[in-house]
Number of protein chains: 2
Amino acid sequence: MDMTETFKALSNPTRLQILMWLKDPEANFPEQGGHPGVPDELKGGVCVGSIRDKAGISQSTASQYLDVLQRCGLLLSERHGKWTYFRRNEEAIAELAEFVGGEL
Amino acid sequence: MDMTETFKALSNPTRLQILMWLKDPEANFPEQGGHPGVPDELKGGVCVGSIRDKAGISQSTASQYLDVLQRCGLLLSERHGKWTYFRRNEEAIAELAEFVGGEL
DNA sequence: ACATCATATCGTAATACTGCGATATGTCAG
DNA sequence: CTGACATATCGCAGTATTACGATATGATGT
């Protein structure tokens, strides 16, 4: 895990906000869940469009931001049908917390 | 404390390294302490020149990097005579750790 | 196959960061 | 006051980031 890349990803206010919104997807993205045939294991995952709407950014920017957060490991993505669901990678976030709380 | 600014400061490998070196100043900057008339309360503070040498960067870059780390609160500085001594702001670092370990 | 919807990727102009040398400011010794 | 030293600030060229619209890819339903 490249800490420098991770900090860079978090240095953008919108990306930081997205990561925090994803702590409580059901509260922050209530419209999520209306997708046809979404299996239970994707509960907690949020699609790009919902994040785009909530953050008030363009579709391409939303996709790019989510990619940045995924590349550094903070988010996990899974495509299901037309949608790509993003959710927090709690392991990576815990690793980051350990680093900041210990080695830093 | 602006977390976004703090993460940006840490997104540079050299700045991150400097902050970690300052965890153990006596081990990482053994030449520090040869300054005339340095009072005890500055023990643990390291001057710009020492950091410049250790990091292998120019004097202006060292000064600028330390300024970035100080502006976001991660470092504290104190001028004494010709030298400016920088040391970690453990309170701010603890606050950051709490944020990453809790709110993030 | 085709139209539609969701997302990804490309190309871009504006803006910010990087790291340096040159120069200015501040401090001490003589 | 002057010279030497430590640090701060300025100006700059190279590079990266930002955020977008346009376009491409991929999936679904008819």
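Throughout, protein chains are lettered first and strands after them, A, B, ... in sequence-line order, and every chain is numbered starting at 1. No hydrogens, no waters, no symmetry mates; every other heavy atom, side chains included, goes into these values.
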Inset, instruction - Choose from dA6(D), dA8(D), dT7(C) the nucleotide whose nearest atom is closest to any side-chain atom of W83(B). - result: dA6(D)
Legend entry - Sugar-phosphate only, base, or nothing, as touched by T84(B) at under 4.0 Å among non-hydrogen atoms: sugar-phosphate
Inset, instruction - Specify the closest pair of heavy atoms between V48(A) and S63(A), including all atoms of both residues, with the distance to one decimal. - result: CG1-N, 4.1 Å
Inset, instruction - Taking the side chain as every heavy atom from C-beta outward, state whether L75(A) and R88(A) have any atom pair closer than 4.5 Å. - result: yes
Inset, instruction - Measure the distance from OH on Y85(B) to C1' on dT7(D) and round it to the nearest whole Å. - result: 12 Å
Inset, instruction - Please state how far atom CZ in R52(A) lies from atom C1' in dT7(C), giving the value in whole angstrom units. - result: 11 Å
Show the distances under 3.5 angstrom between N or O atoms of the protein and N or O atoms of nucleotides 21-29 of chain D.
unit_1, atom_1, unit_2, atom_2, d
dG21(D), N7, S60(A), OG, 3.3
dG21(D), O6, S60(A), OG, 3.1

Legend entry - Qualifying side chain to side chain donor-acceptor pair (under 3.5 Å) pairs with a residue from residues 3-23 of chain A, counting only residues at least two apart or across chains: N12(A)-Y65(A)
Legend entry - Sequence-distant partners of D53(A), side chain to side chain contact (heavy atoms under 4.5 Å, CB included), two or more places apart: none
Inset, instruction - Could you tell me whether R15(B) contacts a base, only the sugar-phosphate backbone, or nothing, with contacts defined as non-hydrogen atoms closer than 4.0 Å? - result: sugar-phosphate
Legend entry - Gap between atoms CG and P, on L16(B) and dT18(C) respectively (whole Å): 13 Å
I'd like a table of donor-acceptor pairs (distance under 3.5 Å, sequence neighbours excluded) in which one partner is a side-chain atom from residues 92-104 of chain B, with atom names and distances.
none

Legend entry - Nearest atoms (heavy-atom pairs only) where S50(B) meets V46(B): CB-CG1, 3.7 Å
Inset, instruction - Counting heavy atoms from C-beta on, name the nucleotide in dT7(D), dT18(D), dA8(C) closest to the side chain of Q64(A). - result: dT18(D)
Legend entry - Rounded distance (Å) that lies between atom C1' of dT18(D) and atom CG of L69(A): 14 Å
Inset, instruction - Grab the CD-C1' distance between Q70(A) and dT7(C) for me, whole Å please. - result: 13 Å
Inset, instruction - With sequence neighbours left out, write down each residue that passes salt bridge (charged side-chain N to carboxylate O under 4.0 Å, His left out) with D67(B), or none if nothing qualifies. - result: R71(B)
Legend entry - More than 12 heavy atoms of other groups within 6.0 Å of E90(A) CD: yes
Legend entry - Interatomic distance, F7(A) atom CZ to D2(A) atom CG [nearest 0.5 angstrom]: 10.0 Å
Legend entry - Closest nucleotide among dT7(D), dT7(C), dC20(C) to the C47(B) side chain: dT7(D)
Inset, instruction - Round to the nearest Å and state the distance from I18(A) atom CD1 to dT18(D) atom P. - result: 12 Å
Legend entry - First encountered from the 5' end of DNA chain D, between D67(B) and I57(A): D67(B)
Inset, instruction - Send over the distance from E78(B) CD to dT7(D) P, rounded to a whole Å. - result: 14 Å
Legend entry - Residues in contact with DNA chain C, drawn from residues 2-13 of chain B - heavy-atom cutoff 4.0 Å: K8(B), N12(B)
